[in-house]
Amino acid sequence: MQNVIDTANHIVAYAAKAARVQVIAAYPITPQTSIVERIAELVESGELNAEYIRVESEHSAMSACMGAAAGGVRTFTATSSHGLVLMHEALHWASGSRLPIVMPVVNRALGPGWNIWADFTDSMSQRDTGWIQFYCAENQEVFDTIIQVYKLCENERVLLPAMVCLEGFILSHTYMPVEIPDQEKIDDFLPPYKPKWFLDVNKPISHANIVSPEWYMEFRYMIQEAMENAKQLIPEIDKEYGKYFGFEHGGLIDKYKCEDADLILLTMGTIGSEAKIAVDNLRKEGLKVGTARVRVFRPFPREEIRKLAENAQMFAVIDRGISFGMEGFLAEETKASLSNQKDQPLIAGFIAGLGGRDVTFKTIEKIAKKSSEWMRAGKVGKETVWVDLRK
Amino acid sequence: MEIFSEWKFTAKGIAEKPDLFMSGHRACAGCAAATVLRLVMKAVRGPAIVTSATGCMEVVSTIYPYTAWDIPWIHTAFENVAANASGIETAIKVLKKKGKIKQEEQIDVIAFAGDGGTFDIGIQALSGAVERGHDFLYVLYDNEAYMNTGIQRSGGTPHGAATTTSPAGTVIPGKLEYKKPIADIMVAHDMPYVATASPYYWQDLITKARKGIEVNGPAFLHVIAPCPRGWRYDTSKSIEISRLAVETCIFPLWEAINGKYQLSAPSEAIALSPQRKNSVREYLQMQGRFRHLFTPKFEKVIDEIQRITDERWQRLLKKCGIT
């Protein structure tokens, strides 16, 4: 085991090395750049024995990854923001082709206004591409999730690609202590990739054919089934990882003091870490509050959300992103998860921290206090609140 | 530069070699592109992997649950076939390094794309893959419009041709712009091997495909592929039109090895005896897509096509050192 203090971006590079990725195809974009730079150094020095394709765009990055993954090797890329949305078409191809590509996404706002800071709209707007999506709260989780996710994606019951999302600058450029387990142990946890199918010259197959209406639905159903399988496997893999290395991250949802909570703050990413501080402070004031950080957005943990709703009176959902014309992404999914359920809690949505605006525990305490007012009144004052919006 | 190993073209060898692009595909009657694919696949050394851009040949060859390919084949979108080939070639490199594939085993990586996937939407990925120097053969089957979606103009459509998005009307005589010199653009990448070919000269085509495969690094093969549906001619005329394209110097045959241009035999013969060069009229009048040019109103467009053809031919001769 090795203790390091480093940025999440460098930790991503070390995780790629630890996962023994074989082909990397990537294109630089702020704030992802220090991932691809560090990987280049690792490949250059021979520490990472992999081929690195320096492609000319993110679309080609994903296309080259698909070629490599279909060729039968463990494949890696990383991107952010505009790079991710440029890839959009290829994202559908990767999931439809059932290729277990892993891609950290350093979450960054989309322009215009031109903004390089944290915002979930880039990856959230890719939620229907058939990719598994994890969101991390700290650097250790970034490392652990990348290792976990290769195991998940390469599982024959899944065979889907996955994004490991981390907020730009808040994580990507922030130094935190991380324990990197021994390589031997990682190799034991994550054995070499054995593809179920690949472009095998001894066993030729045609892949990504024309599929008529007679067959198309069945292929789509298999992707949905794979997502449901992933939902089952994620907590198991997280637990197994915990047994190996001592770190668990809550499976699908990282819950904190939710058991007896009347009010639950639903969060994602680093806002989840701040929310824990807010919860501790508010509990001292006598508020029965907890927080649940949704770690996996696709497949969405519908059942876990329902379970959380059983004892809670209210959910305050904090979104670092907005689906224009509706509301925050997590708020939408939470409400959808609870439809057809008896005794639903009240749900209020809060849009906060767009384009990298700070969301501190103080902001979250304000959100919780407003929510608990509404909870006592038995009525949500506003469906969606834009937190600290300038007038 | 010596590209050839021990391979020698023989008609018998080619005839006896099993087809890797097989019958059963659903290309239109008279489709030259299907012939091009069949001929190119005759040139592989042994095991091969094909990646196809979205387009006619992708659509006709792999209608689930069938396939016309007897090799591993993959399709990943329209504009990215060269990037996809980069990934496949790199995976092979990794598997060799790991000993999963024997070091001496050759696996030929071939990318097929039409003119839309090459001149237009795919040029970025192609340019990038060539700059990076991946070892693969890129074959452009050029039917000079988006035929798969029903004859829309592309950067490869010639001046004066009518397509559904450049229709010949009473005011505009078909496509106003000129065909992009894509093969020259590829030569300008300083890549090791670029060639043009025509299915009429099938021996030349197979030989060039083989050179492109054998060369170490990227190779680009631009093949004219007449399309009876889009060019509006009888399905029996594809090969004849493929010949005329060369004889009129509308589509001269040449190769550029490490940037050095050289005319191929059929075009060289014309260069040496210019009287053998046919007028473009002969080529144009066979095709319904140029029908409107044979009216008093648009007749001067034929002169313009002749002018541009001659100008490009002269430029090519100069590049080949023939003056």
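Computed from heavy atoms alone, side chains included, the values below leave out hydrogens, waters and symmetry copies. Throughout, protein chains are lettered first and strands after them, A, B, ... in sequence-line order, and every chain is numbered starting at 1.
Interface remark: I63(B) contributes backbone and side-chain atoms alike to the contact with chain A (heavy atom separation under 4.5 Å). Looking at A48(B), the atoms closer than 4.5 Å to chain A (heavy atoms on both sides) all sit in the backbone: N, CA, C or O. Contact annotation for T51(B): neither backbone nor side-chain heavy atoms come within less than 4.5 Å of a heavy atom of chain A. No part of E131(B) comes within reach of chain A, as not one of its non-hydrogen atoms sits under 4.5 angstrom from that chain. Both the backbone and the side chain of I74(B) come within contact range of chain A, judged by heavy atoms closer than 4.5 Å. Contact annotation for F219(A): only side-chain heavy atoms (C-beta onward) come within less than 4.5 Å of a heavy atom of chain B.
Within the 4.5 Å cutoff, the side chain of K97(B) has heavy atoms near those of the N49(A) side chain.
Heavy atoms from other residues, nucleotides or ligands lying under 6.0 Å from CZ of R54(A) number more than 12. Few gaps surround CD on E218(A); more than 12 heavy atoms of other groups in view lie less than 6.0 Å from it. Atom NZ of K100(B) is surrounded by 12 or fewer heavy atoms from other residues, nucleotides or ligands within 6.0 Å. Crowding of R38(B) atom CZ: a count of heavy atoms from other residues, nucleotides or ligands under 6.0 Å not exceeding 12.
Between the CD atom in E56(A) and the CG atom in L126(B) there is a gap of 9.5 Å [rounded to 0.5 Å]. Between the CE atom of M87(A) and the CG atom of N80(B) there is a distance of 12.0 Å, given to the nearest 0.5 Å. Between M66(A) atom CE and T76(B) atom OG1 the span is 4.5 Å, to the nearest 0.5 Å. Rounded to the nearest 0.5 angstrom, Y66(B) OH and N209(A) CG are separated by 12.0 Å.
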Quiz prompt | Derivation and outcome, side-chain contact (heavy atoms from CB on, under 4.5 Å), residues V55(A) and R132(B) | solution = CA-CA 8 Å; V55(A) 284; R132(B) 293 189 299 273; 3.9 Å; yes
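Under 3.5 Å, the side chains of S57(A) and Q124(B) contain a donor-acceptor pair of N or O atoms.
With chain B as the partner, the residue from V23(A), I53(A), T75(A) showing the most heavy-atom pairs under 4.5 Å is I53(A). Ranked by heavy-atom pairs under 4.5 Å with chain A, the list K93(B), K98(B), E79(B), E58(B) is led by E79(B).
The heavy-atom pair separating V94(B) from Q22(A) by the smallest distance is CG2-O, 3.5 Å. Residues A77(B) and E89(A) share a closest heavy-atom pair of CB-OE2, 3.6 Å. Taking each heavy atom of Y64(B) and V211(A) in turn, the nearest pair found is CB-CG2, 3.9 Å. Across all their heavy atoms, A68(A) and A91(B) have their closest contact at O-CB, 3.6 Å. Across all their heavy atoms, P65(B) and W215(A) have their closest contact at CD-NE1, 4.4 Å.
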Below 3.5 Å, can you tabulate the donor-acceptor pairs from side chains in residues 195-206 of chain A to any protein atom, sequence neighbours excluded?
residue	atom	partner	partner atom	Å
D200(A)	OD1	N202(A)	N	2.9
S206(A)	OG	T67(B)	OG1	2.5

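Formation of a donor-acceptor pair under 3.5 Å by the N84(B) side chain with backbone atoms of S63(A) is found in this model.
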